[in-house]
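Fair warning: this is a prediction, and the values are worked out from it, not measured in the lab. Only this structure's heavy atoms are used, side chains among them; waters, hydrogens and symmetry mates stay out. Throughout, residue positions are numbered sequentially from 1 according to the sequence presented.
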Amino acid sequence: MRRTVSGFVAELAGGGVVRARKLLVATGLVDQLPDIPGMRERWGRDVLHCPYCHGWEVRGGAVGVVATGPMSVHQALLWTQWTPDLVFFRNGVEISDEQGQELAARGVRVVDGEVVAVVGEDKITGVRLADGTSIARETIVVAPSMVARVGFLAGLGLSPVEHPMGRHLAADAAGRTDVPGVWVAGNAADLAAHVVVAAAAGVTAAAGINAELVREDTVRAPFDARTEAEVTTRVLGDRRHGLAAQVSGE
Ligand SMILES: Cc1cc2nc3c(=O)[nH]c(=O)nc-3n(C[C@H](O)[C@H](O)[C@H](O)COP(=O)(O)OP(=O)(O)OC[C@H]3O[C@@H](n4cnc5c(N)ncnc54)[C@H](O)[C@@H]3O)c2cc1C
């Protein structure tokens, strides 16, 4: 992606080129999972993250939250709405006394020790800890680090910034980034956005882009018209001068 005098040029993998005056980035994010064998393979099936997306399907089951950072306690508390059988695998993440009390208050069992594998063939059967202990679970919940998929914007001076859930492209409420002409919608900016929120952000950004295009065209219109009139006058003026000279025999 690069900037030109009038906008942007996107070079496509197949060799094509797309030109535009404005850029709306909607390339989503990458879920970076902890490097635990068995986790990546089952992502989106029985390794999950979002209670709103998946809670109903696994309600009442044996769920284990594998902690990855400070947000994991919050995530576990949300999942207590879906099952009374919740285990919080600390997995090396420190939790405060207050957080421990919160988990206890919601009936969550806390297990120390590092999780070294998610086990099971067609379906998860549990996790294995570093000391060899296996704990039966049907569903694993984990908070991946969510990283906006925007590496191709580096040439425009835009790169993702730190966010409690990962790294995202900073933008204002309408999706306008710090780089003029570049807008962003969906997960690339809002790591927590669900489908309808991402889609709505696209509509909001599109309206903002359109308003900007109209404003630019409006500002430019009198200038374009004047320039055209000046050029016409000059060209016709020269011709008239030439004609007059011929008629008068100059
Ligand atoms: C396991 C899982 C389950 C989920 N379940 C739900 C659910 O039940 N309900 C819900 O509302 N949300 C759910 N979500 C969240 C949902 O996926 C997101 O909210 C939504 O996909 C965000 O839309 P987006 O357009 O921002 O990004 P995406 O949907 O990720 O779309 C980005 C698009 O950009 C393309 N792209 C990326 N890089 C480039 C590039 N360089 N050039 C060209 N194209 C590129 C990608 O291929 C992709 O098509 C779930 C997410 C996960 C991970």
Side-chain angles (χ1 to χ4, degrees), residues 28-149 160 162-168 187 190-198:
L29 58 77
V30 177
D31 291 296
Q32 294 183 340
L33 294 163
D35 194 14
I36 298 174
M39 199 166 258
R40 180 182 297 270
E41 295 85 330
R42 311 207 68 86
W43 174 239
R45 292 191 287 160
D46 39 20
V47 173
L48 310 171
H49 67 321
C50 170
Y52 307 112
C53 304
H54 304 284
W56 176 256
E57 284 87 351
V58 302
R59 66 193 181 282
V63 177
V65 176
V66 175
T68 53
M71 294 289 283
S72 293
V73 170
H74 170 68
Q75 187 182 33
L77 293 174
L78 292 179
W79 276 89
T80 60
Q81 293 180 310
W82 289 107
T83 181
D85 183 4
L86 195 63
V87 174
F88 184 84
F89 295 100
R90 220 167 45 73
N91 197 35
V93 172
E94 291 299 328
I95 60 171
S96 66
D97 290 347
E98 189 184 352
Q99 287 176 313
Q101 286 159 12
E102 287 173 355
L103 291 171
R106 298 288 288 174
V108 180
R109 183 158 70 98
V110 177
V111 170
D112 289 331
E114 185 192 352
V115 175
V116 294
V118 173
V119 290
E121 293 297 326
D122 288 341
K123 264 203 71 59
I124 283 176
T125 55
V127 300
R128 193 166 56 248
L129 303 181
D131 66 3
T133 312
S134 286
I135 297 180
R137 294 288 89 188
E138 296 164 333
T139 303
I140 294 301
V141 167
V142 70
S145 176
M146 299 171 171
V147 179
R149 200 164 19 193
E162 292 299 320
H163 179 283
M165 295 169 74
R167 274 183 289 142
H168 74 134
N187 278 164
D190 181 356
L191 302 179
H194 289 197
V195 168
V196 290
V197 178

Colleague: Do any N or O atoms from the side chain of S145 and from the backbone of Q32 form a donor-acceptor pair under 3.5 angstrom?
Modeller: no

Colleague: For T68 versus V93, what's the shortest heavy-atom pair and its separation?
Modeller: C-CG2, 3.7 Å

Colleague: Under the side chain to side chain contact (heavy atoms under 4.5 Å, CB included) rule, collect the residues that match up with N187, sequence neighbours excluded.
Modeller: L29, A193

Colleague: Assess whether side-chain contact (heavy atoms from CB on, under 4.5 Å) is satisfied between V108 and W79, documenting all intermediate values.
Modeller: CA-CA 10 Å; V108 180; W79 276 89; over 6 Å; no

Colleague: According to the salt bridge (charged side-chain N to carboxylate O under 4.0 Å, His left out) rule, which pairs have a member within residues 118-133, sequence neighbours left out?
Modeller: D46-K123

Colleague: What are the two closest non-hydrogen atoms of L191 and G166, and how far apart are they?
Modeller: CD1-N, 3.9 Å

Colleague: Got a second to check how far R90's CZ is from E114's CD, nearest 0.5 Å?
Modeller: 11.5 Å

Colleague: Pairs in or reaching into residues 47-64: which pass salt bridge (charged side-chain N to carboxylate O under 4.0 Å, His left out), with residues at least two apart or in two chains?
Modeller: none

Colleague: Between A148 and P160, what is the shortest heavy-atom contact and its length?
Modeller: O-CG, 4.3 Å

Colleague: If you define the side chain from C-beta out and look only at heavy atoms, does anything of V58 sit under 4.5 Å from E138?
Modeller: no

Colleague: Run the side chain to side chain contact (heavy atoms under 4.5 Å, CB included) test against R45 and tell me which residues pass, sequence neighbours left out.
Modeller: R42

Colleague: Other residues, nucleotides and ligands only: do more than 12 of their heavy atoms fall within 6.0 Å of NE2 on H194?
Modeller: yes

Colleague: Can you name the closest pair of heavy atoms from G60 and T83 and give their distance?
Modeller: C-OG1, 3.5 Å

Colleague: When rounded to the nearest 0.5 angstrom, what distance separates CD1 in I140 from CG in L33?
Modeller: 12.5 Å

Colleague: Could you pull out the closest heavy-atom pair between V127 and V119, with the gap in Å?
Modeller: N-CG2, 4.1 Å

Colleague: Going through the distances and angles, do M146 and D31 end up as a side-chain contact (heavy atoms from CB on, under 4.5 Å)?
Modeller: CA-CA 5 Å; M146 299 171 171; D31 291 296; 3.6 Å; yes

Colleague: Output the distance between atom CD (Q81) and atom CG (L86), rounded to the nearest 0.5 Å.
Modeller: 11.5 Å

Colleague: So do D85 and R137 actually touch side chain to side chain, heavy atoms under 4.5 Å?
Modeller: yes

Colleague: Do Q75 side-chain atoms and V142 backbone N/O form a donor-acceptor pair below 3.5 Å?
Modeller: yes

Colleague: For F88 and A76, which heavy atoms make the closest approach, and how far apart are they?
Modeller: CD1-CB, 3.7 Å

Colleague: What side-chain donor-acceptor pairs closer than 3.5 Å can you find for residues 98-107, not counting sequence neighbours?
Modeller:
residue, atom, partner, partner atom, Å
Q99, OE1, S96, N, 3.0
R106, NE, T80, OG1, 3.0
R106, NH2, T80, OG1, 2.9

Colleague: Who passes ring pair (Phe, Tyr, Trp, His ring centres under 6.0 Å) against H49, sequence neighbours left out?
Modeller: W43

Colleague: Donor-acceptor pair, distance only, cut-off 3.5 Å: does the side chain of T139 make one with the backbone of V63?
Modeller: no

Colleague: If only atom types and distance count, is the side chain of N91 paired as donor or acceptor with the main-chain N or O of V115 below 3.5 Å?
Modeller: yes

Colleague: Check the surroundings of atom CZ in R149: do more than 12 heavy atoms from other residues, nucleotides or ligands lie under 6.0 Å from it?
Modeller: yes

Colleague: Does any part of the side chain of V111, heavy atoms only, come nearer than 4.5 Å to the side chain of T133, both counted from C-beta?
Modeller: no

